[in-house]
Amino acid sequence: MYKALFYKEWLKTRWAIIISAAFLLLVLIKMVLEISYSIRLMDANNMWNQIVMLGYMYYGDLLYLPTLIGLAIAITQFVPELSENKLKLTLHLPMPENTILLTMLLYGMLNLFVLFITAESLLLLLSAQFFPAQINMSALMTTMPWFLAGLVAYLATATIFVEPRWPKRIIMAVFFLLFVDTLLNHSLHDTYTRSFVFFVIISLLFSISILYSAQRFRKGVLK
């Protein structure tokens with residue numbers, strides 16, 4: 001049953017995942033070309049000075065991309081379920097209802113993990129061709145909250161879609177937007193190095209919130 005559910009989710013989201021992977025790859029290729037051009041133009045020492053002293057983020061094009069990917073996968077996964085109340089049919093599969101929902105979330109999160117971990121690995125690998133380890137680790141710690149924002153965007157969008165009441169949807173949307181905006185800090189390098197684990201724990205707790213909204217959805221709560 002789990003394989004069947006995963007396959008159903010794949011049919012809905014496959015193009016969003018493939019296109020997301022392509023965009024991540026294109027952004028990383030663009031980053032390498034820009035670094036190579038800048039080093040030829042101003043030499044490596046000046047380039048490193050731009051990064052270390054002036055705070056230049058050569059990976060800055062990645063800032064909003066993970067969030068957009070999280071939104072895209074959540075939309076393609078849950079909008080078809082909500083059309084004509086298909087989600088209620090899905091919840092009548094021969095599995096516990098909470099297990100079904102958590103399995104759907106697990107599917108989306110696993111795909112995001114694969115996309116984001118691959119992107120981070122490529123970022124480090126490509127960056128290592130030009131810069132020393134200190135700059136590479138700074139790039140990793142600076143971009144990790146951006147990718148976490150993509151995971152939060154996915155969980156938040158899924159919860160908002162399942163929640164039946166518009167007032168609660170609006171409250172959730174405002175809260176999640178503020179949290180994601182906090183993660184998308186790009187003014188300084190390594191802003192959340194010490195507090196990143198704290199943000200991860202809060203982000204994972206969002207996966208539980210969908211169970212409450214789903215319970216209300218199943219009961220048809222409108223107030």
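Owing to the predicted nature of the structure, the values given are computational and were not obtained by experimental measurement. Basis for what follows: all heavy atoms, side chains included, without hydrogens, waters or symmetry-related copies.
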(message) Can you confirm whether I69 sits close enough to F116 that some side-chain heavy atom of one is under 4.5 Å from a side-chain heavy atom of the other?
(response) yes
(request) Group every Ile, Leu, Val, Met, Phe, Trp and Tyr by side-chain heavy-atom contacts under 4.5 Å, then state whether L122 and V114 land in the same group. (result) no
(request) Could you tell me whether the side chain of I171 reaches within less than 4.5 Å of the side chain of F175, counting heavy atoms only? (result) no
(message) Minimum heavy-atom separation for A158 and A74, please, with both atom names.
(response) N-CB, 4.2 Å
(message) Quick one, F147 and L115 - any side-chain contact, counting heavy atoms below 4.5 Å?
(response) no
(request) Could I get the full list of side-chain hydrogen bond (donor to acceptor under 3.5 Å, both in side chains) partners for T182, not counting sequence neighbours? (result) none
(message) Please enumerate all residues that pass ring pair (Phe, Tyr, Trp, His ring centres under 6.0 Å) together with Y107, with sequence neighbours excluded.
(response) F6
(message) Tell me if a side-chain donor or acceptor on S138 pairs with a main-chain N or O of Q134 at a distance below 3.5 Å.
(response) no
(request) With rounding to the nearest 0.5 Å, note down the distance linking CG in L5 to OG1 in T103. (result) 6.0 Å
(request) Tell me, please, which residues at least two apart from Y154 pass ring pair (Phe, Tyr, Trp, His ring centres under 6.0 Å). (result) none
(message) By the salt bridge (charged side-chain N to carboxylate O under 4.0 Å, His left out) test, which pairs, at least two apart or in different chains, include something from residues 181-199?
(response) none
(request) Establish whether V200 and L105 are linked, either directly or via other cluster members, by ILVMFWY side-chain heavy-atom contacts under 4.5 Å. (result) yes
(request) State, with a plain yes or no, whether a side-chain heavy atom of F161 is found less than 4.5 Å away from one of I75. (result) yes
(request) For residues A128 and N136, report the shortest heavy-atom separation together with the two atoms involved. (result) CA-ND2, 3.5 Å
(message) I'd like to know if I202 and L204 are part of one continuous hydrophobic network [Ile/Leu/Val/Met/Phe/Trp/Tyr, side-chain heavy atoms within less than 4.5 Å].
(response) yes
(message) A side-chain contact here means heavy atoms from C-beta on lying under 4.5 Å apart; do Y192 and L148 qualify?
(response) no
(message) For the CG atom of L62 and the CE atom of M31, what is their distance to the nearest 0.5 Å?
(response) 7.5 Å
(message) I'd like to check the side-chain contact (heavy atoms from CB on, under 4.5 Å) partners of Y56; sequence neighbours left out, ordered by chain and number.
(response) M47, Q50, I51, Y58
(request) Return the minimal non-hydrogen interatomic distance between A16 and A72, and the atom names on each side. (result) CB-O, 4.3 Å
(request) Please step through side-chain contact (heavy atoms from CB on, under 4.5 Å) for the pair V174 and L178, ending with a clear verdict. (result) CA-CA 6 Å; V174 170; L178 291 174; 4.2 Å; yes
(message) Are L184 and Y64 packed together at the side-chain level, in the sense that at least one heavy-atom pair is separated by less than 4.5 angstrom?
(response) yes
(message) Please check: side-chain N/O of K12 versus main-chain N/O of Q77, any donor-acceptor pairing under 3.5 Å?
(response) yes
(message) Per the side-chain hydrogen bond (donor to acceptor under 3.5 Å, both in side chains) rule, what does the pair list look like for residues 110-123, sequence neighbours excluded?
(response) E120-T143
(request) Go through the structure and list residues passing side-chain contact (heavy atoms from CB on, under 4.5 Å) with L26, not counting sequence neighbours. (result) none
(request) Measure the spacing between CD of E9 and CG of L110 and express it to the nearest 0.5 Å. (result) 12.0 Å
(message) Tell me whether F198 shares a hydrophobic cluster with M141, the cluster being built from Ile, Leu, Val, Met, Phe, Trp, Tyr side chains joined at under 4.5 Å.
(response) yes
(message) Distance check, rounded to the nearest 0.5 Å: M144 atom CE versus F196 atom CZ?
(response) 3.5 Å
(request) Quick one: pull up OG1 in T157 and CD1 in I73 and give me the separation to the nearest 0.5 Å. (result) 11.0 Å
(message) Among residues at least two apart in sequence or on other chains, which ones pass ring pair (Phe, Tyr, Trp, His ring centres under 6.0 Å) with Y59?
(response) W146
(request) Verify the cluster assignment for F179 and L71: are they in a single hydrophobic cluster under the rule of side-chain heavy atoms below 4.5 Å apart? (result) no
(message) Using 0.5 Å steps for rounding, measure from the OG atom of S20 to the CG atom of L25.
(response) 12.5 Å
(message) The criterion is side-chain hydrogen bond (donor to acceptor under 3.5 Å, both in side chains); which residues satisfy it with N185, sequence neighbours excluded?
(response) S187
(request) Show your reasoning for whether side-chain contact (heavy atoms from CB on, under 4.5 Å) applies to M109 and L155. (result) CA-CA 8 Å; M109 291 171 67; L155 294 172; 3.8 Å; yes
(request) Compare all side-chain heavy atoms of T67 with those of V180 and state whether any distance is below 4.5 angstrom. (result) yes
(message) Determine whether a donor-acceptor pair (N or O, by modelled atom type, separation under 3.5 Å) exists between the side chain of S36 and the backbone of L33.
(response) no
(request) Could you pull out all residues at least two apart from Y7 that satisfy side-chain contact (heavy atoms from CB on, under 4.5 Å)? (result) W10, L11
(request) Kindly write out the residues that satisfy side-chain hydrogen bond (donor to acceptor under 3.5 Å, both in side chains) with N49, not counting sequence neighbours, or none if the list is empty. (result) none
(message) Under the rule for side-chain hydrogen bond (donor to acceptor under 3.5 Å, both in side chains), what residues qualify as partners of E34, not counting sequence neighbours?
(response) K30
(request) Taking the side chain as every heavy atom from C-beta outward, state whether P145 and F199 have any pair of such atoms under 4.5 Å apart. (result) no
